[in-house]
Amino acid sequence: MTTDTTVAPAEAGTTHEGLAAWVAEVAAMTTPDRIHWVTGSDEEWKELTDKLVEAGTFTRLDEAKKPNSFYAASSPQDVARVEDRTFICSREEKDSGPTNNWMDPEKMKDLMRGLYAGCMKGRTMYVIPFVMGHLEAEKPMFGVEITDSEYVVVSMRVMARTGRKVLDRIEELGDAANYVPALHSLGAPLGDGEQDVAWPCNEEKYIVQFPEERTIWSYGSGYGGNALLGKKCYSLRIASVMARDEGWLAEHMLILKLISPEQQVYYVAAAFPSACGKTNLAMLEPTIPGWKVETLGDDIAWMRFGKDGRLYAVNPEFGFFGVAPGTNEHTNPNAMKTINKGNSVFTNVALTDDGDVWWEGLENPPAHATSWKGEDWTPDSEELSSHPNSRYCTPIEQCDILAEEYADPAGVPISAILFGGRRKTTVPLVTESRDWTHGTFMGATLSSETTAAATGQVGVVRRDPMAMLPFIGYNAGDYFQHWINIGKDADATKLPRIFYVNWFRRDDEGDFLWPGFGENSRVLKWVIERLEGKAAAVETPIGHVPTPESLDIEGLDMTPEQVQAALKVDPEEWKAEIPQIEEWFAKFGDQLPTQLQIELDTLKSRLGL
Ligand SMILES: Nc1nc2c(ncn2[C@@H]2O[C@H](COP(=O)(O)OP(=O)(O)OP(=O)(O)O)[C@@H](O)[C@H]2O)c(=O)[nH]1
Ligand SMILES: O=C([O-])CC(=O)C(=O)O
Ligand SMILES: [Mn+2]
């Protein structure tokens, strides 16, 4: 037991005094049986995964099918992000804004200290030094996560650069190393001799960001978005606050590299809400001849201005935490190849009898499997084999189409930003904004049907600004202003152009109008041709949409009427949208940037309202 706050540096696990003191303080509060400083070595991975297998949390998959890979099933009450349990505890309530839960930070800390007291009893406390983005970055974005979950340690090693090398650098930099302290506990202490369960967690959950302190406290959940604190909590909620203060953008965006038949290279970033197609677009296999996509990231983009005045994006992550259902050789062959190389963790999918994993939408359903709930499953079963938010966690460097620029800490210059949501009606396949401010309006009014990526009802249309509704770490009105300011201060000719896409529009029978997936390359082609001034567009009240001839539909299995229906801008549908936008904007009161009100007024007058 090493929870003494006066331990010598060697015993403290680090020569960094501030870090040693924080770790000692947390240990004194949470009273773990032991403390382990995560090195990130292969031996450590082996030890931890063996321990997880022994505990029943992991099942080792067949080595020939998925080498060095594991299956896990969570508790049914711990399957997704918990937005109603997520808080932005800024000092002033108004700074968290109308879209976040808030509590006074001191009150929250008192409450959580009560929960954390003794919460690691019987467990090991792991200290994970990590960096989001490159260790070689000009200003490395360090974090240190304390957790009592081996599942979290193993997953963090896949999702972020972690371990001894990071700690060495933090120690070298000393006081100059700014790191985000991120505390996580499952909230499941073990009594003396008490047998552990396969997925320990607590019914009571708190996912808390303290934006001024750049600190994260998470309690009660082992699920990715709630527990891998480098991801949503740091790289979006905390980083969005840093970005506001420092003049950059931390966004819920994929980053892809597009190569035209003429070998021209373009970089595109795209923000879609959770489970709305980022990973799929990021790894797309174009169906149109001569075009090629490489990937840089599937979930998060940090964008800063370069010396040349362009906006450069880096992916701060090191792995993919992807939605399993729907992923297959047709929809996402590159994801399949990546996970088949192994070194991956699969959570809440089905386990086949021959030691592989399966999920809805994957080819070749097994005759029998064990469902994520641990029940017998056959293709005739009424229940799903896998939770709709089941996930694979796999190393990004295993992706065959990873762009070489991924290794560049300076990132890639973005030419276009796409916003997109999941809408059955109203929103056309693609619309180009008139300018940055109009594009910001499109992002600020983005709407989407809710998905299984968060707990709560699925399929309800809600505004999800820039796909960041659950991730903006401050007042969303100020966030909109920040977006507008980014455009105001920049050279407009160098800014990315902004587009709005919708792959999910349906016909009267309820079928998707647009085939999606690899066919989305046709939309990317139109976007690039717009940048080059080559493609035609129709001006509509909501922006520029493709003329039917300008969209490349050669070889596409769609009638011209179906293409028209996918592209259609129906003024009546948009008129019905206006009261929803007004209601949304009303939430912000005088925190709503005037420019967005002007954009709304312009849209109304274009619709004849
Ligand atoms: N119809 C249709 N479905 C799609 C398309 N792209 C993705 N999907 C489906 O949407 C679901 C989520 O896709 P992902 O690419 O994993 O979504 P994501 O935005 O990366 O999700 P998060 O990891 O939660 O942020 C999967 O079931 C996909 O099969 C598309 O172009 N058309
Ligand atoms: O954070 C998670 O749990 C998964 C994810 O990427 C999202 O929900 O956007
Ligand atoms: Mn995501």
Side-chain angles (χ1 to χ4, degrees), residues 256 258-262 264 266-272 276-277 280-281 284 286-293 414-436 438-439 441-443 445-447 495-507 511-574 577 602-603 606-607:
L256 66 81
L258 191 60
I259 308 162
S260 75
E262 295 78 33
Q264 291 282 342
Y266 305 87
Y267 302 97
V268 176
F272 311 152
C276 291
N280 278 272
L281 190 69
L284 163 138
T287 50
I288 42 176
W291 290 79
K292 208 176 138 202
V293 164
I414 299 296
S415 295
I417 290 174
L418 316 185
F419 290 122
R422 192 181 270 274
R423 286 295 304 267
K424 292 190 179 76
T425 66
T426 318
V427 180
L429 181 63
V430 56
T431 313
E432 185 186 2
S433 64
R434 290 184 295 272
D435 54 34
W436 181 269
H438 181 224
F441 173 79
M442 283 176 165
T445 57
L446 185 72
S447 57
L495 278 173
R497 298 253 287 269
I498 300 178
F499 297 78
Y500 190 162
V501 300
N502 178 22
W503 316 141
F504 300 93
R505 204 173 192 177
R506 307 218 187 196
D507 62 19
D511 294 324
F512 289 117
L513 273 165
W514 180 252
F517 302 103
E519 304 293 6
N520 294 335
S521 56
R522 298 172 190 275
V523 174
L524 291 177
K525 180 182 172 190
W526 185 81
V527 164
I528 297 310
E529 289 179 348
R530 286 297 291 170
L531 303 181
E532 291 177 340
K534 286 199 233 157
V538 199
E539 167 133 38
T540 79
I542 60 165
H544 295 95
V545 302
T547 59
E549 304 75 41
S550 66
L551 192 67
D552 180 350
I553 53 165
E554 203 176 308
L556 186 65
D557 186 18
M558 271 173 92
T559 64
E561 292 73 36
Q562 286 172 318
V563 176
Q564 292 269 18
L567 291 172
K568 185 171 177 200
V569 178
D570 180 343
E572 293 312 311
E573 282 183 316
W574 279 94
E577 198 78 2
T602 311
L603 173 59
R606 284 170 187 257
L607 288 167

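Here the structure is a predicted model, which is why all the values come from computation and not from measurement. All residue numbers in this chain count up from 1 along the given sequence.
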Task: Side chain proximity check, Thr602 to Phe441, heavy atoms < 4.5 angstrom - done: no
Task: Sidechain N-carboxylate O distance under 4.0 Å for Arg423, Glu577 - done: yes
Open item on the list: Tell me if a side-chain donor or acceptor on Thr431 pairs with a main-chain N or O of Gly543 at a distance below 3.5 Å.
Closed with: no
Task: Rounded distance [0.5 Å steps], CD1 in Ile288 versus CG in Leu524 - done: 8.0 Å
Task: Trp574 versus Pro428, closest heavy-atom pair with distance - done: CZ2-CD, 4.1 Å
- [ ] Indicate yes or no: at least one non-hydrogen side-chain atom of Leu429 is less than 4.5 angstrom from one of Trp503.
- [x] yes
- [ ] Could you tell me whether the side chain of Lys568 reaches within less than 4.5 Å of the side chain of Arg505, counting heavy atoms only?
- [x] yes
- [ ] Heavy atoms only: give me the nearest Phe419-Gly439 pair and the separation to one decimal.
- [x] CE1-O, 3.6 Å
Task: Inter-residue atom distance Ser260.OG - Lys292.NZ, 0.5 Å rounding - done: 12.0 Å
- [ ] Return the minimal non-hydrogen interatomic distance between Ser415 and Leu531, and the atom names on each side.
- [x] CB-CD1, 3.7 Å
Task: Backbone of Arg530 reached by a side-chain donor or acceptor of Arg497 within 3.5 Å - done: yes
Open item on the list: A side-chain contact here means heavy atoms from C-beta on lying under 4.5 Å apart; do Arg522 and Trp514 qualify?
Closed with: yes
Task: Test side chain to side chain contact (heavy atoms under 4.5 Å, CB included) applied to Leu284 and Leu256, step by step - done: CA-CA 9 Å; Leu284 163 138; Leu256 66 81; 5.8 Å; no
Task: Nearest-0.5 Å distance, CZ of residue Phe512 to CD of residue Gln562 - done: 14.5 Å
TODO: Measure across Gly421 and Asn502 and return the closest heavy-atom pair with its distance rounded to 0.1 Å.
DONE: O-OD1, 3.1 Å
Task: Euclidean distance, Phe517 CZ relative to Asn280 CG, rounded to 0.5 Å - done: 5.0 Å
TODO: Determine the minimum heavy-atom distance between Pro541 and Leu603, stating which atoms define it.
DONE: O-CD1, 3.4 Å
Task: Asp511, CG: over 12 other non-hydrogen atoms inside 6.0 angstrom - done: yes
Open item on the list: Are the side chains of Trp526 and Ser550 in contact, using a 4.5 Å heavy-atom criterion?
Closed with: yes
Open item on the list: Could you report the tightest heavy-atom contact between Leu556 and Pro515, atom names first, then the distance?
Closed with: CD1-CG, 3.8 Å
Open item on the list: If you define the side chain from C-beta out and look only at heavy atoms, does anything of Ser521 sit under 4.5 Å from Val293?
Closed with: no
Task: Straight-line distance of Leu551 CG to Gln564 CD, nearest 0.5 Å - done: 11.0 Å
Open item on the list: Using side-chain heavy atoms (C-beta onward) and a distance below 4.5 Å, is Leu281 in contact with Leu418?
Closed with: yes
Open item on the list: Between Glu554 and Lys525 (salt bridge meaning N to carboxylate O under 4.0 Å), is one present in this structure?
Closed with: no
Open item on the list: Within the 4.5 Å heavy-atom criterion, are Asp570 and Thr426 side-chain neighbours or not?
Closed with: no
Open item on the list: To the nearest 0.5 Å, what is the distance between NE2 on His438 and CD1 on Ile542?
Closed with: 7.5 Å
